[in-house]
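Encoded as structure tokens, the structure appears first; notes follow it.
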Amino acid sequence: MIEVEGLTVRYGVATALDEVSLEVRDGEMVALIGPNGAGKSTLVNTLFGILRPAAGRVTTTGRLALVPEGRHLFAPLTVDDNLRLGAWRDRKGRDTGPIYELLPELVPLRKRPAGRLSGGQQQMVALGRALMARPDVLVIDEMSLGLAPLVVETLAGHLRDRHAEGLAVLLIEQNARLALDLCSRAYVLEAGRVVAEGPSAELAGSAGVAAAYLGLEA
Amino acid sequence: MAELLQYLVTGVGIGCAYALTGSGLVVIYRVTRVVNFAQGSFAVLAALTVTTLLGAGLPHGLAEILAVLVAGLIGLLCGLVATGKPGTTPQTALIVTLGLGVLAYAVEILFWGDQPRSFAGLAGSTGGVQTHYLLIIGVTAVVLAATALLFARTDLGRALTATAADPYAARIVGIDVLRMGLLAFAVGGALGGLAGVLITPVQQVSFDSDVALVVNGFSAAILGNLTRPALTLAGGLLLGVVQALVGGYLSTSYQSEVALIFMLAVLVARAGRRGVLEAA
């Protein structure tokens, strides 16, 4: 699905990612946690070919889709148009009906311009747009950022449902508690390097992760 | 009264050419953020191409359609040169389009000389007004309506709007942003070409006619902040009518100043706000 090996990405002389390796296997739900500036978004942009690696290798199989940080919806277009464009690569797969069945919250919003929705509604549209690509792996960058807990729980519920249907997920989150709750495995990225990895329960129990990301005493 | 009606119709006719030129600018700017200063050249090249095609024996209609297609192709090439290199900023591309406009002068003089040219339009008059003006108005209405439908009702149009709204998001859903930009340049080229083809029977065109067209087209487009087609149409028509009235009741010498004063007034009114050139 996704295999990253020894990935190094530089902005000029600054190294944003330093020999990062990670893997998301078929049907797996994996978290990547880390603070601001750790290189998480650089990894996303490299996965999607927007940045070029200085060294290392990214191998992907199956279809990848992204829910980007900040949603990045097409503000002047309606919700329905945003969803249709999610299937831009697949001319025959632009029927939005199945997405409204998966995300019924979007049904009353379908004719509204995406730019006029609340943050939570926009995140739901961003998720729907990514699902329109019928991905094998979904990469979600900062799903919970700036959203109310209730909204986050609704989104997490949808994510669990899609995962239960076989969708692989790479969840990139600052909210480590949410990410470790949702995912079976996790990587911790700090200053461009993977500093810890393993089953989520083990990482949550480790003193370093608990203190730095879960707000617990070491 | 008949005189006023005549000025109004001719003004709307000329204003349609400005609106088409301005709409070309808007289509290109919305998708690429590039202010295309070669826009007037598309009109001149198309108009001069019609004179050659008619001279070669092609019938009216076919010659005009081919010339508009040629202008679209030139627009595409212009876009390729101005924006084709990855990482080109809109500001750099703007300067490139300025250079391409100057290059167009050389090409036009080489192939067509420096004397003004024209060709016959729709003959006759209707209600004291040259019928060709009615043709300009009708064709402009149909073409601008079709352009609006392209953007609002087709997936291609949605992709163009999406590219304009958020190029990053467009890339992640798989839209080829560079290709959309080139398409916008082609559509812009065709709209500019159409302006030239329609206006030449009532106004002679020479290699440097692009300046008047681009100044008026830009003035029309800037009313809508280079992003709003409906306001561009309104701006073009307003400019055309005011110029016709000024030319008819005062002096034709002041006609071009009208566009400059109009553009200046809009820019000054917008000063301090997030302006269009700042956004570019």
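None of these values were measured; they are calculated from a predicted model. Below, chains carry the letters A, B, ... as their sequence lines are ordered, and counting in each starts from 1.
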* Nearest-0.5 Å distance that lies between atom NE2 in His72(A) and atom CD1 in Ile172(B) -> 7.0 Å
* Hey, which of Ala165(B), Ala152(B), Ala169(B), Ala170(B) has the most heavy atom pairs under 4.5 Å with chain A? -> Ala169(B)
* To do: Identify which part of Arg129(A) has an atom lying under 4.5 Å from any heavy atom of chain B, answering side chain, backbone, both or neither.
  => side chain
* Atom pair CG (Leu66(A)) and OH (Tyr168(B)), whose distance is rounded to the nearest 0.5 Å -> 5.5 Å
* To do: Working to the nearest 0.5 Å, report the span between OG1 of Thr161(B) and CG of Leu85(A).
  => 9.0 Å
* Asked: When you look at Trp88(A) and Asp155(B), which way does the side-chain contact (heavy atoms from CB on, under 4.5 Å) test go after all the steps?
  -> CA-CA 8 Å; Trp88(A) 177 252; Asp155(B) 280 344; 4.2 Å; yes
* Output the distance between atom CZ (Arg158(B)) and atom CG (Asp80(A)), rounded to the nearest 0.5 Å. => 8.0 Å
* Structure fact -> So, the part of Arg91(A) with a heavy atom under 4.5 Å from chain B: the answer is neither
* To do: Measure distances from Leu73(A) to the heavy atoms of chain B and classify the residue's part below 4.5 Å as side chain, backbone, both or neither.
  => backbone
* **Whether over 12 other heavy atoms sit under 6.0 Å from Asp176(B) CG** => yes
* Is the number of heavy atoms from other residues, nucleotides or ligands within 6.0 Å of CZ (Arg116(A)) greater than 12? -> no
* If you draw a 6.0 Å radius around CZ in Arg162(A), do more than 12 non-hydrogen atoms from other residues or ligands fall strictly inside? -> yes
* Look at atom CZ of Arg228(B) and say whether more than 12 heavy atoms of other residues, nucleotides or ligands are closer to it than 6.0 Å. => no
* Where is the tightest heavy-atom contact between Gly86(A) and Val173(B), given as atom of each residue plus distance? -> CA-CG1, 4.3 Å
* Asked: What part of Asn82(A) lies closer than 4.5 angstrom to a heavy atom of chain B: side chain, backbone, both or neither?
  -> neither
